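See below for the structure under consideration.
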Protein chains: 2
Amino acid sequence: MSLRHALLATLTAQPMTGYELVKYFDGSVAYVWSAPHSQIYPELRRMERDGLVTVEVVPRGERAEKRVYSINEAGLAELQRWEQAPIPYQSDRDPYRLKVAHFEQSTYEAARSQLEAHLHHFTRALREWEQILADIDARRVSLLRRRLGQRPEEEHEAIIAFRKLAFRGEVLKARAEIAWAEEGLAVLDELQAKGVPLRGEEFAKPAGH
Amino acid sequence: MSLRHALLATLTAQPMTGYELVKYFDGSVAYVWSAPHSQIYPELRRMERDGLVTVEVVPRGERAEKRVYSINEAGLAELQRWEQAPIPYQSDRDPYRLKVAHFEQSTYEAARSQLEAHLHHFTRALREWEQILADIDARRVSLLRRRLGQRPEEEHEAIIAFRKLAFRGEVLKARAEIAWAEEGLAVLDELQAKGVPLRGEEFAKPAGH
DNA sequence: GTAGTCATGTAAGAGGTTACATGATTAG
DNA sequence: CTAATCATGTAACCTCTTACATGACTAC
């Protein structure tokens, strides 16, 4: 139930509409958690039903309305309960590892292409996470500024430190994935230089001789 | 549809029953992919229906039977097609990052406890992955030996190299997570030494003053 | 007027978790 | 005889993805 807690945590900064929350969770640079609007709107309704958020229906123009959600005491208690409960570890599935483990069924070209995409993805991600770290340091993140404005000065250092720590984790992970992809490309180069055949090459050229 | 391809890839080593596949995918040390038997049995039936595997029903004792699955040509073609198709990247959700990002809602004790669990989990995982790497090098993995026995000598080097590369990725990832958890624990120590308050402390002791 | 943004939903389906359920075989 | 292992399923539920759907407001 992490989506619920991601929403609650975001609402501690300020009351927001579903639409505003969607923008935070839907963006290409999703902040720590991502979700499409088809997940967010129903979840907000369920949170309302469960008494974790309070809704204010605000008119917008002549005919339209919007629903502004605020976290309430029960919601804050639930967020803190979740924060203090241990999250159990279970094996996660990584389709990239699975694919690489059986690259002998692929071709050098396709294998290289996948690893290059991996490299590209995490290189880009690394730049983004590092930019976010810099933005946090410079207090350029508007939601963070609003959150700080709500809390006493003495808590600010912790809020900043934990937000940075989370992105720092993504930075370390991105660097590990980059190093891995580079190792993988080196492995491919070496095998190909030795002339080691891959089984996928046959399939790749069904019209070949 | 990675489960399907994980099953197909495993079956390239040798024909197996659902039960044997369950053991490979259900173990605490799941090899690159994991799945419970409730997922594996129905998927094998679907793969049979789709003509990717061939089944031999073998009697077992007097009354019982078992179903031995073999990958066939269509299955191998599908595996190779999947291997050569790019897997798109999408943002993944990490509940540990989310939790850490909002540690100010927790307590020093609970926060430390989560990071220690993180450290413990990935330290253990690291040992396991390194053990597997050593086992592969020493050809102590029975399924791998059988797989090699099926393929010409010239392909062996690639099969070994890719299997190791996959686990090497897990090793690098585990090291990154360990480094992150250690950084996190250091952050907690520093904040606590400075007396920075966390908001969860109030909630943690509702009977307190 | 019209394009872009604001705003909020529903529905089908895939994939995964947990629990329920059953029964034969084998080793002690 | 009894416990462990072999063997194979189903069902309910949750999460997430993708697609379908609608309409008001605002700036040009």
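What you see is a predicted model; the values in this text were computed from it and never measured.
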Check: Side chains of B:Thr12 and B:Arg147: donor-acceptor distance under 3.5 Å anywhere?
Finding: yes
Check: Which nucleotide in the list D:dG9, D:dT17, C:dT8 gets nearest to the side chain of A:His37?
Finding: C:dT8
Next item on the list: May I ask you to check whether A:His5 and A:Glu78 show a side-chain donor-acceptor distance below 3.5 Å?
Entry: yes
Item checked: Of residues 56-70 of chain A, the positions that come close to DNA chain D - non-hydrogen atoms, cut-off under 4.0 Å -> A:Arg60, A:Gly61, A:Glu62, A:Arg63, A:Ala64
Check: Nearest-Å distance, CD (A:Glu20) to P (C:dC6)?
Finding: 9 Å
Note to self: So, does A:Tyr19 get its side chain near the phosphate of C:dC6, meaning an N or O under 4.0 Å from OP1 or OP2?
What the structure shows: yes
Next item on the list: Give the rounded distance in Å between these two atoms: CG of A:Leu44 and C1' of C:dG9.
Entry: 12 Å
Notebook entry, point to check: With under 30° as parallel and over 60° as perpendicular, where do the rings of A:Tyr89 and B:Tyr96 fit, or are they tilted in between?
Noted result: parallel
Next item on the list: Would you kindly give the CG-to-C1' distance between A:Asp92 and D:dT15, to the nearest whole Å?
Entry: 16 Å
Margin query: Under a 3.5 Å cutoff, is there a donor and acceptor pairing between the side chains of B:Ser91 and A:Ser34?
Written below: yes
Notebook entry, point to check: To the nearest angstrom, how far is B:Leu98 atom CG from D:dT15 atom P?
Noted result: 14 Å
Check: Does any N or O donor sit under 3.5 Å from an N or O acceptor when you compare the side chain of A:Ser2 with the base of D:dT15?
Finding: no
Next item on the list: Rounded to the nearest angstrom, tell me the gap between atom NE2 in B:His5 and atom C1' in C:dG15.
Entry: 14 Å
Note to self: What is the distance, to the nearest angstrom, from the CG atom on B:Asp26 to the C1' atom on C:dG16?
What the structure shows: 13 Å
Note to self: Whole angstroms only, please: what is the CD-C1' distance between A:Glu43 and C:dG9?
What the structure shows: 15 Å
Item checked: d(CZ, B:Arg93; P, D:dC14) in whole Å -> 18 Å
Notebook entry, point to check: Where each residue is assigned the nucleotide of DNA chain D containing its nearest heavy atom, which of B:Gln90 and B:Arg45 is assigned the position nearer the 5′ end?
Noted result: B:Arg45
Next item on the list: Would you tell me whether A:Glu83 and B:His102 have side-chain atoms, one donor and one acceptor, within less than 3.5 Å of each other?
Entry: no
Notebook entry, point to check: Considering only heavy atoms and no angle criterion, is a donor-acceptor pair shorter than 3.5 Å present between the side chain of B:Thr17 and the base of D:dT8?
Noted result: no
Notebook entry, point to check: Using a cut-off of less than 4.0 Å, is there contact between a side-chain N or O of A:Tyr41 and OP1 or OP2 of C:dG9?
Noted result: no
Notebook entry, point to check: Can you tell me how far CG of A:Leu115 sits from CH2 of A:Trp180, rounded to the nearest 0.5 angstrom?
Noted result: 6.0 Å
Notebook entry, point to check: Roughly how far, to the nearest 0.5 Å, is CG of A:Leu133 from NZ of A:Lys164?
Noted result: 7.0 Å
